[in-house]
Chemist: 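Dropping a structure here in structure tokens format, bear with me for questions.
Chain letters run A, B, ... following the sequence lines, proteins first and then strands; every chain starts at 1.
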Amino acid sequence: MSESDRYMLEREKKRDALRAAGVDPYGGRLPDVEAAVDVRARADGRDISAGEKLADFTARIAGRITLLRDIGKLAFLTVQDRTGTFQFGLSKSELGDAQWAVFKQLDLGDIIGGDGILGRTKTGELTLWLKTLIVLAKALRPPPEKWHGLTDVELRYRHRYVDLFSNRDDVYEVFRRRSAIIHAIREYLVDLGYLEVDTPVLQPIYGGAAARPFVTHHNTLDMDLYLRISPELYLKRLLVGGMERVFEISRNFRNEGISPRHNPEFSMIELYEAYADYHVMMERTEGMVAAAIAAIGGPAELVVQGGGQDDAKDRGPLVRSGEAELRDPPALTGRASAATFLRPFGEHTLNFAPPWRRAKYADLLREYAGLDIKDKAGVLDRAKEQGIYQKLTKAIGDGHVHVKPDHAAEGSLIDHDVLVNELFDVLVQPHLIQPTFVYDYPASICPLTRRHPGDPSIALRFEAFAAGMELGNAYTELNDPRVQEENFRRQVAGEGDETMAVMDEDFVMAMEYGMPPAGGLGVGIDRLVMLLTNSRSIRDVILFPLQRKGG
RNA sequence: GAGGGCGUAGCUCAGUCGGCAGAGCACCUGCCUUUUAAGCAGGUGGUCCUGGGUUCGAGUCCCAGCGCCCUCACCA
């Protein structure tokens with residue numbers, strides 16, 4: 001017999017003892033349960049001295065037993081509900097022998113309800129002194145260690161339900177905030193007149209991003225389908241249809257590598273606004289984030305675990321190391337003040353107060369790399385210095401790098417703008433800690449993007465960065481059907497990345513009916529939640545991140 | 001896909017030079033009517049990730065595999 005079997009057997013014996021005593025170990029509906037936090041609020045209105053019990057203050061609370069202190073004929077249980085914890089006080093003489101016998105069959109992890117009267121113990125702890133004990137669910141497996149909780153990263157992801165109840169103060173809180181953030185964004189856009197829609201996840205033709213798709217199959221139609229990599233092409237059709245302001249919170253699927261910032265399925269919000277441009281989308285980005293921050297409250301005291309093993313070892317019971325100086329700084333208490341927009345992230349404090357910094361791509365390249373974007377020789381030299389040129393020339397032939405000598409510097413095999421882009425990633429992006437809109441990208445690295453009317457070498461695009469991480473991407477959208485069609489043709493011809501979208505004739509047809517000029521924006525929800533909950537891994541903001549079979 | 005780290009009781013973790021498998025929590029038995037990770041006394045509990053190998057002897061050394069984490073690659 002394994003040890004876990006022994007644990008189960010002990011608990012099954014207690015379950016059977018409950019049944020033998022006529023108590024259902026798996027109770028049903030329990031009306032009028034009050035949240036722990038609400039009982040506390042109600043108690044605030046009363047003056048209760050230590051050791052006092054208020055016969056007229058009754059309450060019913062339910063939750064999971066997280067602590068159990070049996071002191072003979074008296075016991076204290078700590079139960080946890082969705083709002084916090086509450087102490088139950090049980091006295092053998094008050095409860096009576098029958099109920100006391102029920103208590104004796106309880107273990108850590110069981111879910112119970114209690115009716116009782118409120119009081120304070122000698123030490124002042126707010127306590128519900130039970131008159132009636134209600135068994136709601138006998139747990140057959142023991143919870144993890146009560147002090148450390150579940151820290152094994154693999155077990156946390158594979159058994160997230162255990163992670164959630166045993167690491168309530170950080171893990172559960174992350175997902176509570178995630179919910180609040182999404183709700184706030186939705187409300188913000190709806191208030192602006194946006195319509196929320198659902199477009200196909202199963203797509204016969206995939207597009208809207210450069211990524212490898214997952215393939216699936218419909219049996220009856222005998223048709224291969226792709227899980228969407230982006231909702232973009234459907235949302236633009238809706239612009240044609242007259243949905244002038246439209247958004248979707250979209251689960252996207254990309255058959256790519258996995259990293260602390262990439263999960264095969266991830267959430268993104270995409271929005272399109274007719275008659276707007278990418279500058280308007282900057283304001284929308286700021287607005288959504290501001291709404292999200294307002295929804296989750298003031299400056300975060302929350303510091304969550306990273307995936308790293310070193311982090312796990314440092315982990316304290318409630319909050320992680322390194323955040324002490326960020327907890328309730330006196331200067332940040334004003335709800336409406338700009339300080340509310342300060343969020344801790346790793347060793348940084350990010351300031352999301354609008355307006356965020358707006359900087360042109362070329363200007364940032366000059367500022368952080370000291371490079372003139374038009375100086376082909378200088379860029380080439382720096383690329384060689386950084387080993388980028390060598391890496392790219394080595395990669396020629398595997399399909400990822402294309403030789404375009406006409407755009408290259410003298411003697412270079414690699415396109416100038418490709419080198420610029422690589423240098424930007426290495427030399428500039430890590431410096432973009434504070435929220436920053438990088439705009440006016442070189443057109444050649446985003447060939448499908450609408451050009452600046454006065455300068456065809458500039459694309460009307462921005463990317464939003466924070467903590468060195470890409471957070472969002474926006475465009476002044478192309479609405480010329482012939483240009484769009486030509487873009488598709490160039491992709492199909494393999495001129496761009498070979499994984500990019502195939503020709504979507506219906507999409508072109510839609511545009512031929514007239515699509516209003518529009519601004520379009522995509523924001524990674526998971527990454528935004530990471531930033532606003534100080535989570536270092538995307539897996540810490542996704543409830544059930546993909547794991548290999550087994551383990 | 002490449003490199004590095006980790007895998008020991010249900011959980012959190014020690015384990016020295018290769019020499020009887022350890023602690024805390026949890027669990028079981030007993031005591032306890034004001035505890036706060038309650039306490040005290042006694043006790044149970046092991047596929048040391050899996051499979052090979054070296055050795056008189058392997059948790060420890062070697063090889064292969066599996067899983068997780070990290071870095072890189074991939075990735076609007």
Side-chain angles (χ1 to χ4, degrees), chain A residues 1-11 13-14 50-51 53 66-78 85 87-94 107-109 119-125 127 129 140-159 162 166 208-212 229-230 232 254-264 266 268 305-313 315 317 391 395 398 400 421 425 441 445-449 459 461-463 470 472-475 496-497 499-500 522 524 536-537 539 545 547-551:
Chain A
M1 178 172 57
S2 77
E3 192 181 358
S4 70
D5 288 341
R6 284 198 313 119
Y7 277 87
M8 296 245 261
L9 276 175
E10 288 293 341
R11 285 166 178 257
K13 271 159 60 182
K14 293 176 180 175
K53 296 177 189 174
T66 58
L67 296 170
L68 190 158
R69 297 176 289 278
D70 179 356
I71 329 183
K73 296 183 179 61
L74 190 70
F76 295 97
L77 312 188
T78 301
T85 60
Q87 176 165 279
F88 284 179
L90 285 73
S91 157
K92 188 180 182 187
S93 58
E94 289 288 319
D107 289 297
L108 291 176
R120 285 190 190 279
T121 61
K122 276 184 188 170
T123 50
E125 177 84 12
T127 300
W129 290 98
L140 298 183
R141 294 180 188 271
E145 215 256 7
K146 62 188 177 189
W147 184 246
H148 298 94
L150 193 65
T151 64
D152 184 290
V153 175
E154 182 176 355
L155 292 180
R156 287 185 42 233
Y157 296 153
R158 288 190 190 278
H159 307 296
V162 179
S166 68
R212 283 148 65 194
I229 58 174
S230 156
E232 174 165 341
R254 297 187 183 176
N255 208 337
E256 307 279 358
I258 297 176
S259 86
R261 283 162 298 283
H262 301 266
N263 196 61
F266 65 100
M268 159 169 289
Q305 69 293 332
Q309 292 164 17
D310 291 344
D311 297 328
K313 280 175 184 163
R315 185 167 179 210
K391 188 188 78 178
D398 68 4
H400 293 301
N421 192 37
D425 285 351
Y441 275 65
I445 59 174
C446 18
L448 308 183
T449 304
R461 172 194 184 188
F462 77 74
E463 285 195 288
E470 185 195 338
N473 193 10
Y475 303 93
D497 189 314
T499 64
M500 285 187 81
R536 277 192 246 174
S537 169
R539 290 179 215 108
Q547 302 283 99
R548 278 179 214 272
K549 278 192 280 190

Chemist: Expressed as a whole number of angstroms, how long is the span from A:Leu90:CG to B:U35:C1'?
Modeler: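 Distance check: A:Leu90 CG to B:U35 C1' gives 12 Å.
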
Chemist: Can you identify which nucleotide, out of B:U35, B:U12, B:U34, has its nearest atom closest to the A:Thr151 side chain?
Modeler: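 That would be B:U12.
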
Chemist: Within the 4.0 Å heavy-atom criterion, would you say A:Ser93 contacts the bases, only the backbone, or no part of the nucleic acid?
Modeler: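 Contact class for A:Ser93: base.
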
Chemist: Ignoring backbone atoms, establish whether A:Arg212 has a side-chain N or O less than 4.0 Å from OP1 or OP2 of B:C75.
Modeler: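 So the side chain of A:Arg212 is outside the cut-off, no N or O lying under 4.0 Å from OP1 or OP2 of B:C75.
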
Chemist: Among B:U12, B:C27, B:C32, which is the nearest nucleotide to the side chain of A:Glu145?
Modeler: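 When the side chain of A:Glu145 is considered, B:U12 is the closest of B:U12, B:C27, B:C32.
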
Chemist: Take atom CG of A:Leu68 and atom P of B:A37, then tell me their distance rounded to the nearest Å.
Modeler: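 Checked: the CG to P distance equals 14 Å.
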
Chemist: Would you indicate, yes or no, if B:C69 has its OP1 or OP2 atom less than 4.0 angstrom from a side-chain nitrogen or oxygen of A:Arg539?
Modeler: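 Yes, because at least one side-chain N or O of A:Arg539 sits under 4.0 Å from OP1 or OP2 of B:C69.
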
Chemist: With a 3.5 angstrom cut-off on both distances, give the Watson-Crick or G-U wobble partner of B:G43, or none if there isn't one.
Modeler: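 Partner of B:G43: B:C27.
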
Chemist: Could you measure the distance from the CZ atom of A:Arg11 to the CZ atom of A:Arg6? Nearest 0.5 Å is fine.
Modeler: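 Between atom CZ of A:Arg11 and atom CZ of A:Arg6 there are 12.5 Å.
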
Chemist: Strictly below 4.0 Å: does A:Arg69 bring a side-chain N or O up to OP1 or OP2 of B:A38?
Modeler: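 Yes, because at least one side-chain N or O of A:Arg69 sits under 4.0 Å from OP1 or OP2 of B:A38.
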
Chemist: Report yes if at least one side-chain N or O of A:Thr121 is closer than 4.0 Å to OP1 or OP2 of B:U33; otherwise report no.
Modeler: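 Indeed not, no polar side-chain atom of A:Thr121 lies that close.
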
Chemist: For a quick check of understanding: with a heavy-atom distance under 4.0 Å over all strands, which category does A:Gly522 fall into, base, sugar-phosphate or nothing?
Modeler: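 Here A:Gly522 touches no strand at all.
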
Chemist: Let's see if you can work this out: which of B:U33, B:A76, B:C69 has an atom nearest to the side-chain heavy atoms of A:Gln547?
Modeler: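 Looking only at heavy atoms from C-beta outward on A:Gln547, the closest nucleotide is B:C69.
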
Chemist: Of the listed nucleotides (B:C69, B:U12, B:U34), which one gets closest to any side-chain atom of A:Tyr157?
Modeler: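 Between B:C69, B:U12, B:U34, the one nearest the side chain of A:Tyr157 would be B:C69.
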
Chemist: Is the aromatic ring centre of A:Trp147 closer than 5.5 Å to the centre of the six-membered base ring of B:A37, with the two planes inclined by less than 30°?
Modeler: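 Yes, the aromatic ring of A:Trp147 stacks with the base.
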
Chemist: What I want to check is whether an N or O donor and acceptor connect the side chain of A:Tyr7 with the base of B:A9 at under 3.5 Å.
Modeler: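 When only heavy-atom distances are counted, A:Tyr7 does not reach the base of B:A9 through any donor-acceptor pair under 3.5 Å.
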
Chemist: To check you understand the geometry: which heavy-atom pair defines the closest contact between A:Gly89 and A:Phe76, and what is its length?
Modeler: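 Distance-wise, the nearest heavy atoms are CA-CD2, 4.1 Å.
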
Chemist: Between A:Glu94 and A:Ile258, which is nearer to the 5' end of RNA chain B once each is assigned its nearest nucleotide?
Modeler: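 Result: A:Glu94.
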
Chemist: Under 4.0 angstrom, heavy atoms only, what part of the nucleic acid is A:Lys14 near: base, sugar-phosphate, or nothing?
Modeler: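 If one applies the 4.0 Å heavy-atom cut-off, A:Lys14 turns out to touch the sugar-phosphate alone, with no base involved.
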
Chemist: Could you walk me through whether A:Arg461 and A:Asn473 pass the side-chain hydrogen bond (donor to acceptor under 3.5 Å, both in side chains) check?
Modeler: CA-CA 7 Å; A:Arg461 172 194 184 188; A:Asn473 193 10; 3.1 Å; yes

Chemist: Please determine if a side-chain N or O atom of A:Arg548 lies less than 4.0 Å away from the OP1 or OP2 oxygen of B:C66.
Modeler: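 For B:C66, OP1/OP2 do not have a side-chain N/O of A:Arg548 under 4.0 Å.
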
Chemist: Without decimals, in angstroms, what is the distance between A:Arg141 CZ and B:C25 C1'?
Modeler: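 To the nearest whole Å, that distance equals 19 Å.
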
Chemist: Would you indicate what A:Lys73 reaches in the nucleic acid, counting non-hydrogen atoms under 4.0 angstrom: base, sugar-phosphate, or nothing?
Modeler: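 Since a base atom lies under 4.0 Å of A:Lys73, the category is base.
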
Chemist: Across the strands shown, which category fits A:Asp70 at heavy-atom distances under 4.0 angstrom: base, sugar-phosphate, nothing?
Modeler: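 The residue A:Asp70 makes base contact.
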
Chemist: Look at all strands and tell whether A:Pro260 reaches a base, only sugar-phosphate, or nothing, counting heavy atoms closer than 4.0 Å.
Modeler: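 Sugar-phosphate: the residue A:Pro260, judged by heavy atoms under 4.0 Å, touches backbone atoms but no base.
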
Chemist: Remember a base hit wins even if backbone is also touched, and classify A:Glu10 as base, sugar-phosphate or nothing at under 4.0 Å, heavy atoms.
Modeler: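 A:Glu10: backbone/sugar contact only, no base atoms under 4.0 Å.
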
Chemist: Take atom CG of A:Asp107 and atom C1' of B:C28, then tell me their distance rounded to the nearest Å.
Modeler: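 To the nearest whole Å, that distance equals 11 Å.
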
Chemist: Between B:U34, B:U12, B:A26, which nucleotide has the shortest distance from any of its atoms to the side chain of A:His148?
Modeler: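 Within the option list, the nearest is B:U12.
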
Chemist: Answer with base, sugar-phosphate or nothing: what part of the nucleic acid does A:Leu67 contact at a heavy-atom distance below 4.0 Å?
Modeler: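 A:Leu67: backbone/sugar contact only, no base atoms under 4.0 Å.
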
Chemist: Would you classify A:Tyr441 as touching base, sugar-phosphate or nothing, given that sugar-phosphate means primed atoms plus P, OP1 and OP2, and contacts are heavy atoms under 4.0 Å?
Modeler: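 If one applies the 4.0 Å heavy-atom cut-off, A:Tyr441 turns out to touch nothing in the nucleic acid.
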
Chemist: May I ask which nucleotide in the shown strands pairs with B:U35, Watson-Crick or G-U wobble, both distances under 3.5 Å?
Modeler: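 Base partner found: none.
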
Chemist: Choosing from B:C68, B:C13, B:U34, which nucleotide comes nearest the side chain of A:Glu154?
Modeler: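 The nucleotide sitting nearest to the side chain is B:C68.
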
